[in-house]
Number of protein chains: 2
Amino acid sequence: MSLDKVDYVTEEAPRQATIFDVARLAGVSHQTVSRVVNDLPNVRSSTRVRVEEAIKKLRYVPSPAARALVTRRSRTIGLIATGGPEYGPSSTVLYFNAAARDARWSVFTANMTDSDPGSIRGAVEAFLRQNVEGIAVISGHEGSVDVVAGMELTIPLVALEATPHTGLATVGADQYNGARNAVRHLIALGHRGIAHLAGPADSVDARERERGWRDELGANDLSARVIGVGDWSPSSGHRFGEACDLTGLTAIFAANDQMSIGLIHALNERGLTVPHDMSIIGFDDIPEAAYVSPPLTTVRQDFETIGRDMLSTLLSRIDGDRSTELPQSLPELIERSSTGPATNVD
Amino acid sequence: MSLDKVDYVTEEAPRQATIFDVARLAGVSHQTVSRVVNDLPNVRSSTRVRVEEAIKKLRYVPSPAARALVTRRSRTIGLIATGGPEYGPSSTVLYFNAAARDARWSVFTANMTDSDPGSIRGAVEAFLRQNVEGIAVISGHEGSVDVVAGMELTIPLVALEATPHTGLATVGADQYNGARNAVRHLIALGHRGIAHLAGPADSVDARERERGWRDELGANDLSARVIGVGDWSPSSGHRFGEACDLTGLTAIFAANDQMSIGLIHALNERGLTVPHDMSIIGFDDIPEAAYVSPPLTTVRQDFETIGRDMLSTLLSRIDGDRSTELPQSLPELIERSSTGPATNVD
DNA sequence: TGAAAAGTTGTTAGCGCTCACAGTTTGCTT
DNA sequence: AAGCAAACTGTGAGCGCTAACAACTTTTCA
């Protein structure tokens, strides 16, 4: 079925060279070729050179399938990503993949818009069948990580947006302190009524940001009020911005930039201006943040670093290094014009 | 008091069952098991049942490595994605992957931020070594597709944002007519001086949008002026918005939403309001578009459909179907408030 | 100088599967 | 009841590679 009618035109593709072809050309045994290919010691350098020339001449490349069959290793990892195309997760996925490429590892990506346990388990099983040596999970939903962790895999697992699972490797920015910094900034500006527009309840990041906000307020004897629980989207920010009670408030910390944008828009529709009537601070620093009106004060996460850290953590675990030291970066406060001094509350 | 045969508390990782284990348990030959597994005919149904039971009992799953080694097929495809985490491409990647999962195909993703020929060729070679049966390219850079197409692969190739290469399967929205619709909308509103903020020169989509803009202007005897060539980012939109000459202009068609946002911001800084002083129209309909100020009139692309179409096109080519019919959708004009009636030009 | 040690190369046996074909049973015809 | 085709099932040979170890060289040093 792979033979189609154009085949008589194309020259018969010369069969990929095998290790035996190289061996014959170099006048050595296939095992010596294998040694050269795998960079093992105890090969005379003159022999090595001859083999390398033969390899180049025949354009030999080892067959991963054959190798995987015998070694049960594949130099391949599986990546599970749930959710839609939000900026944060998709950037992380992208840089994770890019880092894997740099390290000459292959990655199977399983994207799914939903994150029900069955799909996730199915993805993991498919990965296992493919002999992946490690699995990464980039998911906004806490449950996803739990499902994979609950499968008691024998291969390493690393997750973004981690729950404090014991024994689970997690990588990510310090959401908690990032949020505290954001709120601290607002307090320094004189704000006292600082509400929160939360992210989805099943997101660890969302919960950590909320916890940071709440703790910082608590440390300053200020009371906390959540004006809504959104789903990260601008439209959810807008929805809560339209409906919420603003009395006593001079600032709102939104769980991400996209919701901030929706929120500001709704506030404008209610006749309020930002930051004069209400200061708004977001989280993530998406590329648009600096160019909306007003430019968004926010907390920047470095998704490239996170993605690359996830990969390196996973690879070191695959190498057997179970050290618990996990990279965690501190997000940086970016001050723009959506926050300003508190004006008197009416 | 002997326990059930199934041993749940094995210390040693119990070696994965092979086709021979199943054969022994079912009292048949390994070949018969293979027939059952591959759903081949000529197996007595009673035998089939016995084998299936053995498979279930032993939790047998076929080894893709062994299978790939002998069949040279892998039920795996390779996806090359270049560029950064822009909304359009990353959405397409995501939905492509999701569709592949639904079809029970595995996909290797190679992300790279740059797109130099060497990296791309390297990625393709890695894919070939893994016996992928098809390759998809999602890249803003025209060159990327050319590189892959130039490798004269024997496996099918499908690309997003296509050049009119003969023999190359391409999927995507009709950028040209989408752009014409956008400009037509502006003309209907009374605009006569309609400039373009172009996307990067090496992007086919960018060129198609520009061509659509230019042709629609030409069809109405209006003159065309490009105020800048950006890189899709809000910051590039802002940069050109700051510097450009606006005389004689009442509207600008930007090549994407993100640049529109930067552009509008720059215009505001120059003391102009949108749409009163200048109508702006974007392209893509990113989630933020409806919530910036003013909400962006734009041309919506359905990235989910595009991603899924790419996958199905690729799979049908893998199946040997070389039909040239390629899915192409017409982007939809979304009218919001960044466009309005033309006011008198000064 | 000679033997052990170290360095180098070759041989054999699979990894788990499919393919080609050989062998066996069953069903149907006459 | 014989005979033959069709339906089933089994056997053996690889796919391309690495692991284990055997065999052969060269070096080292008493």
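Per chain, numbering begins at 1; letters A, B, ... match sequence-line order. Worth knowing before you read on, the calculation uses all heavy atoms, side chains too, and leaves out hydrogens, waters and symmetry mates.
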Would B:D319 and B:L315 satisfy side chain to side chain contact (heavy atoms under 4.5 Å, CB included), going step by step from the backbone distance to the final call?
CA-CA 6 Å; B:D319 274 356; B:L315 290 188; 5.8 Å; no
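- Looking at heavy-atom distances under 4.0 Å, B:P41 makes no contact with the nucleic acid at all.
- Contact annotation: A:R67 side-chain N/O to D:dT18 OP1/OP2 distance is under 4.0 Å.
- Separating the NZ atom in A:K57 from the CG atom in A:L25 is a distance of 6.0 Å, to the nearest 0.5 Å.
- Across all strands shown, B:V43 has heavy atoms under 4.0 Å from sugar-phosphate atoms exclusively, and none from any base.
- Taking 4.0 Å as the cut-off between side-chain N and carboxylate O, B:E304 and B:R308 count as a salt-bridged pair.
- Residue-to-nucleotide contacts include a donor-acceptor pair under 3.5 Å from the side chain of A:H30 to the base of C:dT12.
- Nearest-nucleotide mapping onto DNA chain C: of B:R44 and B:V70, the residue sitting toward the 5' end is B:V70.
- C:dG16 atom P lies 16 Å from atom CG of A:L128, rounded to whole Å.
- Following rounding to the nearest Å, B:D39 (CG) and C:dT18 (P) show an atom-to-atom distance of 13 Å.
- For a distance-only test at 3.5 Å, the side chain of B:R72 fails to qualify as a donor-acceptor partner of the base of D:dG16.
- In terms of phosphate contacts, B:T71 brings no side-chain nitrogen or oxygen within less than 4.0 Å of OP1 or OP2 of C:dT18.
- Residue A:N38 contributes atom CG, which lies 17 Å from atom P of D:dG16 at whole-angstrom precision.
- Here A:T32 does not reach the OP1 or OP2 of C:dT9: none of its side-chain N or O atoms lies under 4.0 Å away.
- Distance, B:R59 CZ to C:dG16 C1': 20 Å, rounded to whole Å.
- For the OP1/OP2 pair of D:dT9 and a distance below 4.0 Å, the side-chain nitrogens and oxygens of B:T47 include at least one atom meeting the criterion.
- As a whole-Å value, the separation of A:D21 CG from D:dC15 C1' is 13 Å.
- With 3.5 Å as the limit, one finds a donor-acceptor pair spanning the side chains of B:R67 and B:N38.
- Taking only side-chain nitrogens and oxygens, A:S29 never comes nearer than 4.0 Å to OP1 or OP2 of C:dT11.
- Listed pair A:N42 / C:dT8 meets the phosphate criterion, a side-chain N or O lying under 4.0 Å from OP1 or OP2.
- Comparing D:dG16, C:dG10, D:dG10 by their closest approach to the side chain of A:V28 singles out C:dG10.
- Note: CZ (B:F20) to C1' (D:dA13) measures 12 Å, nearest angstrom.
- A distance-only check finds a donor-acceptor pair linking the side chain of B:S90 to the backbone of B:E86 [under 3.5 Å].
- We find that CD of B:Q31 is positioned 15 Å from C1' of C:dT24, with the value rounded to whole Å.
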Take A:S139 and A:I80 through the side chain to side chain contact (heavy atoms under 4.5 Å, CB included) test and state the conclusion after the steps.
CA-CA 8 Å; A:S139 172; A:I80 292 178; over 6 Å; no
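- Remark: C1' of C:dG10 and CD1 of A:I19 are 13 Å apart, rounded to the nearest angstrom.
- Remark: A:S63 is not in phosphate contact with D:dC15, judged by side-chain N or O atoms under 4.0 Å from OP1 or OP2.
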